[in-house]
4 protein chains.
Amino acid sequence: MTSARPLRADAQRNRARVLAAAEKVFAERGTAASTEEVARAAGVGVGTVFRHFPSKEALLQALVVERLARIAVDAREHAALPDARAAFFDFFTSVVRGSATKLELADALAELGIHPNEAVATVAEEVTEALSALLQQAQRAEAVRTDIGVSDVIALLAGASQARRYAPDDRPLAVILDGLRVPSAQ
Amino acid sequence: MTSARPLRADAQRNRARVLAAAEKVFAERGTAASTEEVARAAGVGVGTVFRHFPSKEALLQALVVERLARIAVDAREHAALPDARAAFFDFFTSVVRGSATKLELADALAELGIHPNEAVATVAEEVTEALSALLQQAQRAEAVRTDIGVSDVIALLAGASQARRYAPDDRPLAVILDGLRVPSAQ
Amino acid sequence: MTSARPLRADAQRNRARVLAAAEKVFAERGTAASTEEVARAAGVGVGTVFRHFPSKEALLQALVVERLARIAVDAREHAALPDARAAFFDFFTSVVRGSATKLELADALAELGIHPNEAVATVAEEVTEALSALLQQAQRAEAVRTDIGVSDVIALLAGASQARRYAPDDRPLAVILDGLRVPSAQ
Amino acid sequence: MTSARPLRADAQRNRARVLAAAEKVFAERGTAASTEEVARAAGVGVGTVFRHFPSKEALLQALVVERLARIAVDAREHAALPDARAAFFDFFTSVVRGSATKLELADALAELGIHPNEAVATVAEEVTEALSALLQQAQRAEAVRTDIGVSDVIALLAGASQARRYAPDDRPLAVILDGLRVPSAQ
DNA sequence: CATGAATGAGTATTCATTCAT
DNA sequence: CATGAATGAATACTCATTCAT
């Protein structure tokens, strides 16, 4: 996921620990938290963090990539389900619910349009593709209104995740899901 | 000899210039932008910024208060309109559209539940009250679904504003507005 | 005391108020206290402080001059007393006791050797002269040991004042006074 | 993974260099001298100063602790000498003479009663104890007057050190030492 | 490879001093 | 003359990044 070296087992483990620690620390104290703090949370020295991620920005991007990659997988899995309607809405719900505890999806998605980093661009495309399939199936099944596209769904995913910060229950999400349905298909 | 003097005319003007510059700078470069930069944009020295706002946090809060105050006024004005349905949806739309150019509403609204600052708490209450009236009127007019409350509307305002960052057109907003309507009242 | 202008009555009063406030503020919070604070304590604007004393250093020096001037007067008055022994020891005691509440004499005297300011140099000379008379009389009266000079007395005044900061009673002072007496003249 | 590691050799050396540089700089230009200047004098970056001493105050305290620790050692060593009289007076003299070149003892001793810092409190106690032994031995040997206690000796040490700033010879010291002797024991 | 000490540019904040009101 | 707002240099402290151990 970085380049081509196989990476020794312990190095691989350290990379994962740093990533996990970073997610936790940045989620709890914001992305302004220091690299030192991430290192401490991971139980390694700062040097190790910088060995795996050449800069703080790279670390942040790796986090985004990881998140998006999971979303892409999730989208693909849902796209393979028989019920297109349920597939779409379940996917949407799971992404929004999942974003609550982690580094805000909003921030993660924000990177999409801001930093044209190769790795990020790649997963972004994967997400877009998988989501596109999912959306089109649902639209074809007349489960989702046809006047919106993938970018709108992404925007709404970000919006719904953000809404969750203010009202951590499912009502705002329900409103958005209802707005997405085909009018007649109540 | 201190307290709440009316503030000299030029001081008043500088305060406003700083506030405007801060809004612009923080919106463009994020709240991590330096105070120095805000001062430069306002055409004053750093000292002046700190004379008006004793800390960067105070400046940020002043910005939030200003934004929320405008929203409260907007809500009150709309609540006075005869058509309760249009009043609610126009208000929602205007807030979301207005937040695009300014410091993200999301960040502003975020303060609502986070910083127990007196001034912020006061406007927050004003917003809540005005919005409550607006919402209830719309619900009584059967224009807005009745299973949501003020806090949900606030969350959705934040969400819709956030969505706008990813898709700057009106489609995500339209989806949310549709989700808010009374199902049968399409 | 500045140059030659007679200074209007209210200006004169302001000058005195600033000086008094400065003494209090600097004594309580150290000479690092801000000019703003001095102005506030004096009930005037900063501008007024700077009108009377062109710089913070000038204000500090004026304070020293005032202090030393009082000491010089005190010395002269004591030198005029009939009992040379009592005159010297009473003077020493009064200076040391008096320094406790005010801006440390030590700091005031410190300026003596550091900033060759004309006004300071003048009073310093006055102090030296008056003290010289007082000392010589006491030495002639065999009340004070003859192996010390004026500069030693000044040093001991500073030392005794400093000692008072650690043990605010009269014992350290008594020790020093005893050390100053003519051995046989216990 | 943190706490009391022995500190790498070079780190240890840097810590000492910073401490030495700070002593010199603060003695020469006052404690208002900037940390930047201390760093420059030590030949390290500012960051290094702050890595070893988290704040300027901590640096100052470390200096005081160091100074007091040396005094405590000195006191203990003298207390072990056979001639109680010489022990006391030699100690007093050596402390006062030693304080001249270094950061004023007065400032160091000032910390004794002012900052409730644990490290400082600890050495302060050590100094007090060692000094107490030294003083009592001298008093039992009828070399020092019995109407004074440890706190008076500390005050006089501070006073004598301060006096040295005005008259850098030994006369003020001699006066104080004479004042400390048992009257009949001239 | 991992560690954490060193670096120094960058940031918020203070304060003496000036000057328009 | 008095006022206090404006100024900007100065300072303590932080943090991403580098590199000797």
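Residue numbers start from 1 in every chain, and the chains themselves are labelled A, B, ... in the order their sequence lines are given, proteins ahead of strands.
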Do [X] and [Y] come close enough that some side-chain heavy atom pair is under 4.5 Å?
| X | Y | result |
| --- | --- | --- |
| Val18(A) | Leu59(A) | yes |
| Leu63(D) | Arg67(D) | no |
| Leu19(A) | Glu23(A) | no |

Give the nucleotide from the list dA6(E), dT3(F), dA6(F) with an atom nearest to the side chain of Ala11(D).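 Given the options dA6(E), dT3(F), dA6(F), the side chain of Ala11(D) is closest to dA6(E).
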Report the nucleotide, chosen from dA2(F), dA5(E), dT7(F), that has the shortest atom-to-atom distance to any side-chain atom of Asn14(C). dA2(F)
Tell me the interatomic distance from [X], atom [atom1], to [N], atom [atom2], rounded to whole angstroms.
| X | N | atom1 | atom2 | result |
| --- | --- | --- | --- | --- |
| Arg17(C) | dA2(F) | CZ | P | 11 Å |
| Leu59(B) | dT11(E) | CG | P | 15 Å |
| Glu37(C) | dT14(E) | CD | P | 13 Å |
| Arg15(B) | dA6(F) | CZ | C1' | 16 Å |
| Phe26(B) | dA12(E) | CZ | C1' | 11 Å |
| Arg29(D) | dA10(F) | CZ | P | 14 Å |
| Arg40(C) | dT14(E) | CZ | C1' | 13 Å |
| Gln12(A) | dC1(E) | CD | P | 11 Å |

By nearest nucleotide on DNA chain F, pick out whichever of Gly45(B) and Thr48(C) is the more 5' one.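 Nearer the 5' end of the strand: Thr48(C).
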Secondary-structure stems, DNA chain F, at least 3 Watson-Crick or G-U base pairs under 3.5 Å: E:2-21 with F:2-21
State which residues pass side chain to side chain donor-acceptor pair (under 3.5 Å) with Lys56(A); sequence neighbours excluded, sorted by chain then number. none
Glu36(D): side chain to side chain donor-acceptor pair (under 3.5 Å) partners, not counting sequence neighbours: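 Side chain to side chain donor-acceptor pair (under 3.5 Å) check on Glu36(D) returns nothing, list empty.
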So does Arg51(C) get a side-chain nitrogen or oxygen closer than 4.0 Å to the phosphate oxygens (OP1/OP2) of dC1(F)? no
His52(A) vs dC1(E): side-chain N/O to OP1/OP2 distance below 4.0 Å: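 Checking dC1(E) against His52(A), no side-chain N or O comes under 4.0 Å of OP1 or OP2.
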Protein N or O to nucleotides 13-17 of chain F N or O, pairs below 3.5 Å:
| residue | atom | partner | partner atom | Å |
| --- | --- | --- | --- | --- |
| dC13(F) | OP2 | Lys56(D) | N | 2.8 |
| dA16(F) | OP1 | Lys56(A) | NZ | 2.9 |
| dA16(F) | OP2 | Thr35(A) | N | 2.8 |
| dA16(F) | OP2 | Thr35(A) | OG1 | 3.1 |
| dT17(F) | OP2 | Lys56(A) | N | 2.8 |

With no hydrogens and no angle check, just 3.5 Å: does a side-chain donor-acceptor pair link Gln12(B) and Arg15(B)? no
By salt bridge (charged side-chain N to carboxylate O under 4.0 Å, His left out) - contacts of Glu37(D) (at least two apart):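 Result, salt bridge (charged side-chain N to carboxylate O under 4.0 Å, His left out) vs Glu37(D): Arg29(D).
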dT21(F) and dC1(E): how far apart are their P atoms, nearest whole angstrom? 22 Å
Please give me the minimum heavy-atom distance between Ala158(C) and Tyr166(D), naming the atom from each residue. CB-CE1, 3.2 Å
Using the test side-chain contact (heavy atoms from CB on, under 4.5 Å), find all partners of Thr122(A) that sit at least two apart in sequence or belong to another chain. Glu126(A)
